[in-house]
Amino acid sequence: MSKTLIVDYGMGNLGSVRRAFEECGADVFISGNPSDISVADHIVLPGVGAFADGMTALNAAGWVDALRRSTTEMIPLLGICLGMQLLADRGFEGGETEGLGLIPGEVRRLEPDSAETRIPHVGWNEVHPRCANPLFSAIAEGTDFYFVHSYHFIPLTADDIAATTPYCGTFVSALNRGTVFGTQFHPEKSSRAGFQVIRNFLAL
Amino acid sequence: MLKTRIIPTLLWKNIGLVKGIAFDSWRRVGTIMPAVKVYNARQVDELIVVDITATLEDRLPDFAEVEEFSAECFVPLTVGGGIRSIEDIKQLLRAGADKVSINSAAYLRPEIINEAAERFGSQCVVASIDARRNPDGTYVCVSHSGTRDTGRLPGEWAAELELRGAGEILITSVELDGTMEGYDLELIRSITERVRIPVIASGGAGNYEHMYAALEVGRAAAVAAASIFHFTEQTPLEAKNYLAARGIPVRSAKVLV
């Protein structure tokens, strides 16, 4: 029986994420205990909030080493929103903070590119997959997903970019390195298109 | 391109869905759950659900009820009404809200905005302002469902809320709410000129032209509406078609399967 672990580190909309994954047919369990990774086939790192607080909470509960280990065991991991940002080497929200270091890069504040540009970036915006990525299987180029964030992930290498979105110029809206995935948007709140992303992840 | 959001608002009073005019004469128009289901099926951009009497009656948000309807909602959900503490916000987010709307509590203790932004991130803190127009044309912020004059000026209060960490401002005209006579464009503009965070216009939408004006004249980032969707044949989808024809970027819900 395939099991999807949702990491509970006190940050975020766990209820929304759980319901969406269940709706997509996943056998979900929410856990605050890193040793539960041993029974998981898929791991979801959700999160809303600030980078520094997120890492403090992950460190306190012992998730950092457990998540790093899980990726060497090739268990598919999906970071959502702050969860994606925490995959970076470092972030700058709430002071410079070391991240999980699972995808090389850093997380910085979005810089408005015009007087009309408002931060946070809130609402539905188009996602452009960069070449064929399994996360975007059966999803049309330019489909809108729901975003709500003020910071963005700047990967060290373009090879890890799975999709981009036009705002403040262009920012990286999805990442993939090996079995590690991240979406800056909220698939759990992106209606049918979001469910397709979740199903694609569960199919890995 | 970022799409302009059309947001249905559901006002909720003692579990029933209600509609009022100028924050008074509330009438019951069904229960929350079927409305949430319908909007979810229609893939609306976002939903705002506010328990309008929680603060007046000095009671906590109904977390169990929120959990029940959020389970049927796979679009972004903002929940407001009765929030007094960081613990309330934590519980609402746990129950399935994606964002919380804070109004009266911010006048009593403005630091709640800072604390919520630090703890949960600015992106989930919607600061809600209800404003009343004085006879001389100036505006004042009111709290507790419009029953208390706070003495605050909407523009200044919005700027303070942004500084404290609010991620969005929801601005509602008390007089025009429920009248379907159009948004208060002057009020909306006075807020959008003062802050750099997204502003959601609320109160008074009666047709799609009103929405267009709130966006183009008021410079709002999103429009919220209730009566127009509950009491007329007009729908969020038609609103988008109208706005798209006039050059406003909107999200098409026609996605795959």
Side-chain angles (χ1 to χ4, degrees), chain A residues 8 10-20 22-24 47-54 81-82 93-94 112 115-126 138-140 142-151 165-168 186-196 198-199, chain B residues 1-5 7 40-46 66-67 70-78 90 92-99 116-126 162 165-169 192 195-200 219-222 249-257:
Chain A
D8 180 5
M11 307 288 283
N13 54 344
L14 294 176
S16 289
V17 176
R18 188 192 64 219
R19 279 284 302 147
E22 283 172 353
E23 200 74 12
C24 292
V48 294
F51 194 101
D53 290 345
C81 198
L82 175 66
E93 185 181 12
E116 288 286 292
T117 304
R118 292 180 184 268
I119 310 285
H121 173 225
V122 186
W124 298 78
N125 203 338
E126 62 214 58
I139 292 171
T143 298
D144 288 324
F145 286 85
Y146 183 75
F147 291 87
V148 49
H149 63 118
S150 303
Y151 283 74
T165 292
Y167 200 72
C168 295
H186 286 272
E188 79 280 10
K189 284 290 154 179
S190 294
S191 213
R192 284 175 207 164
F195 283 6
Q196 185 62 40
I198 292 172
R199 281 193 292 264
Chain B
M1 182 178 252
L2 179 63
K3 308 304 186 293
T4 298
R5 289 168 288 157
I7 310 174
N40 183 65
R42 290 182 181 168
Q43 300 191 66
V44 295
D45 295 333
E46 189 167 332
V66 172
E67 191 159 359
S70 69
E72 301 296 330
C73 184
F74 299 110
V75 298
L77 173 67
T78 300
K90 184 180 159 192
L92 283 173
L93 294 175
R94 286 248 156 187
D98 299 290
K99 301 189 258 190
E118 276 160 29
R119 177 82 186 269
F120 309 108
S122 287
Q123 80 290 328
C124 76
V125 181
V126 179
E162 175 181 36
E168 286 177 274
I169 302 276
T192 56
V195 299
R196 291 296 306 272
I197 53 178
V199 175
I200 306 166
R219 311 303 298 164
V250 291
R251 161 180 167 258
S252 160
K254 279 181 285 176
V255 280
L256 29 111
V257 283

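Please read these numbers as outputs of a predicted model, since none were measured by experiment. Below, all heavy atoms of this structure are taken into account, side chains as well, without hydrogens, waters or symmetry copies.
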Region of [X] that comes under 4.5 Å of a non-hydrogen atom in chain B:
X        : result
A/Ala115 : backbone
A/Phe147 : neither
A/Glu22  : neither
A/Ser190 : backbone

With a 4.5 angstrom heavy-atom cut-off, which part of [X] approaches chain A: side chain, backbone, both or neither?
X        : value
B/Lys90  : neither
B/Ala97  : backbone
B/Ala41  : backbone
B/Glu118 : backbone

Of all the heavy-atom pairs spanning [X] and [Y], show the shortest one and how long it is.
X        : Y        : answer
A/Val148 : B/Gln123 : CG2-CB, 3.1 Å
A/Ile119 : B/Ile197 : O-CG2, 3.3 Å
A/Asp8   : B/Arg94  : OD1-NH2, 3.2 Å
B/Cys73  : A/Lys189 : O-NZ, 3.0 Å

Measuring from atom [atom1] of [X] to atom [atom2] of [Y], what distance do you get when rounded to the nearest 0.5 angstrom?
X        : Y        : atom1 : atom2 : result
B/Thr192 : A/Arg118 : OG1   : CZ    : 5.5 Å
B/Glu72  : A/Glu23  : CD    : CD    : 7.5 Å
B/Leu93  : A/Ser16  : CG    : OG    : 9.0 Å
B/Asp98  : A/His186 : CG    : NE2   : 7.5 Å

Tell me which of these, [options], has more heavy-atom pairs under 4.5 Å with chain B than the rest.
options                                : value
A/Gly194, A/Gly10, A/Gly123, A/Gly15   : A/Gly123
A/Thr117, A/Leu82, A/Val17             : A/Thr117
A/Tyr146, A/Trp124, A/Tyr167, A/Phe195 : A/Trp124

Using the salt bridge (Lys or Arg N to Asp or Glu O under 4.0 Å) rule, pick out the option among B/Lys3, B/Arg5, B/Arg251 that qualifies with A/Asp144.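 Testing A/Asp144 for a salt bridge (Lys or Arg N to Asp or Glu O under 4.0 Å) against B/Lys3, B/Arg5, B/Arg251 leaves exactly one candidate, B/Lys3.
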Heavy-atom side-chain contact between B/Phe74 and A/Arg192 under 4.5 Å: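 SC-SC contact between B/Phe74 and A/Arg192 ruled out.
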B/Pro198 versus A/Pro120: any side-chain heavy-atom pair under 4.5 Å?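 B/Pro198 reaches A/Pro120 side chain to side chain.
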Between B/Pro76, B/Gly96, B/Ala222, B/Gly121, which residue shows the highest count of heavy-atom pairs closer than 4.5 Å to chain A?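 Most pairs with chain A among the choices: B/Pro76.
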Looking at B/Arg219 and A/Glu116, is any side-chain nitrogen of the basic one under 4.0 Å from a carboxylate oxygen of the acidic one?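 Yes.
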